[in-house]
Amino acid sequence: MGEAPDDLAALPPHLVMLRRLVTVLTVVMIAGFVVLIYALVTRLNAPAPVLPDQITLPGGATATAFTQGVNWYAVVTSDNRILIFDRTTGALRQTIEVK
């Protein structure tokens, strides 16, 4: 078996370029992995969204689903309505009938 050359000049030009590309790819993959781990750690340490303690549904409706936005939350009821409430006041903003 031949020994690996110490000098890059002894390698053919296309292998020198391939060696540099592999090195750059390795550096980019390591940097991407570090960024991914950082994003996961910061995202998982974020405080949980504040949910209302109690929601009073009009007309004795039964909730089947819940979703929320920045300043609102919505409840899907068993009678095919979507009730959108204001997050700060808890007042009913809008009712949407699903047909």
Side-chain angles (χ1 to χ4, degrees):
M1 288 198 271
E3 293 183 29
D6 291 334
D7 189 18
L8 287 178
L11 292 175
H14 63 282
L15 287 180
V16 172
M17 186 176 93
L18 181 62
R19 187 174 180 179
R20 288 182 182 147
L21 285 175
V22 169
T23 303
V24 169
L25 177 63
T26 303
V27 169
V28 168
M29 287 178 61
I30 291 170
F33 188 70
V34 168
V35 168
L36 179 67
I37 295 299
Y38 174 77
L40 282 174
V41 167
T42 57
R43 180 73 175 160
L44 292 177
N45 285 335
V50 178
L51 299 176
D53 293 335
Q54 187 176 15
I55 300 172
T56 305
L57 299 177
T62 305
T64 58
F66 175 84
T67 188
Q68 60 184 340
V70 176
N71 59 358
W72 58 269
Y73 57 89
V75 177
V76 180
T77 62
S78 59
D79 56 353
N80 293 327
R81 290 186 295 163
I82 302 173
L83 307 173
I84 301 175
F85 295 90
D86 186 60
R87 181 178 294 277
T88 55
T89 64
L92 181 63
R93 275 194 195 175
Q94 185 178 2
T95 301
I96 301 170
E97 298 260 347
V98 180
K99 296 182 181 185

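Residue numbers run from 1 in the order of the sequence given. Side-chain atoms are counted along with the backbone in the values below, which use heavy atoms only and exclude waters and symmetry mates.
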Side chains of residues 22-30: which donor-acceptor pairs under 3.5 Å do they make with residues two or more places apart or in other chains?
unit_1: Thr23; atom_1: OG1; unit_2: Arg19; atom_2: O; d: 2.9
unit_1: Thr26; atom_1: OG1; unit_2: Val22; atom_2: O; d: 2.8

Hey, can you pull the donor-acceptor pairs under 3.5 Å for the side chains in residues 54-62, sequence neighbours left out?
none

Run the side-chain donor-acceptor check on residues 89-99: report pairs under 3.5 Å with partners two or more places apart or on a different chain.
unit_1: Thr89; atom_1: OG1; unit_2: Asp86; atom_2: OD2; d: 2.9
unit_1: Thr89; atom_1: OG1; unit_2: Ala91; atom_2: N; d: 3.2
unit_1: Arg93; atom_1: NE; unit_2: Asp86; atom_2: OD1; d: 3.4
unit_1: Arg93; atom_1: NH2; unit_2: Asn71; atom_2: O; d: 3.1
unit_1: Arg93; atom_1: NH2; unit_2: Asp86; atom_2: OD1; d: 2.8

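Grouped by direct or indirect side-chain proximity (heavy atoms under 4.5 Å, Ile/Leu/Val/Met/Phe/Trp/Tyr only), Val70 sits alone. Cluster note: Tyr38 groups with no other residue, as no ILVMFWY side-chain heavy atom lies under 4.5 Å from it.
Pairs of residues two or more places apart, or lying in two chains, never qualify as salt bridge (charged side-chain N to carboxylate O under 4.0 Å, His left out) while including a residue from residues 26-38. Applying the salt bridge (charged side-chain N to carboxylate O under 4.0 Å, His left out) test to every pair with at least one member in residues 56-83, sequence neighbours left out, gives these pairs: Asp79-Arg81. Sequence neighbours left out, not one pair with a member in residues 15-34 passes ring pair (Phe, Tyr, Trp, His ring centres under 6.0 Å).
Under the ring-ring contact (aromatic ring centres under 6.0 Å, His included) criterion, Tyr73 pairs with Phe66, Phe85, sequence neighbours left out. Checked against salt bridge (Lys or Arg N to Asp or Glu O under 4.0 Å), Arg87 has no partners two or more places apart in sequence or in another chain. Listed by chain and residue number, nothing satisfies the side chain to side chain donor-acceptor pair (under 3.5 Å) test with Asn80 (two or more places apart in sequence, or in another chain).
Thr64 places a side-chain N or O within 3.5 Å of a backbone atom of Val76 that can act as its donor or acceptor partner.
Leu83 and Trp72 fall into different hydrophobic clusters, where Ile, Leu, Val, Met, Phe, Trp and Tyr residues are linked whenever their side-chain heavy atoms come under 4.5 Å apart, directly or through other members.
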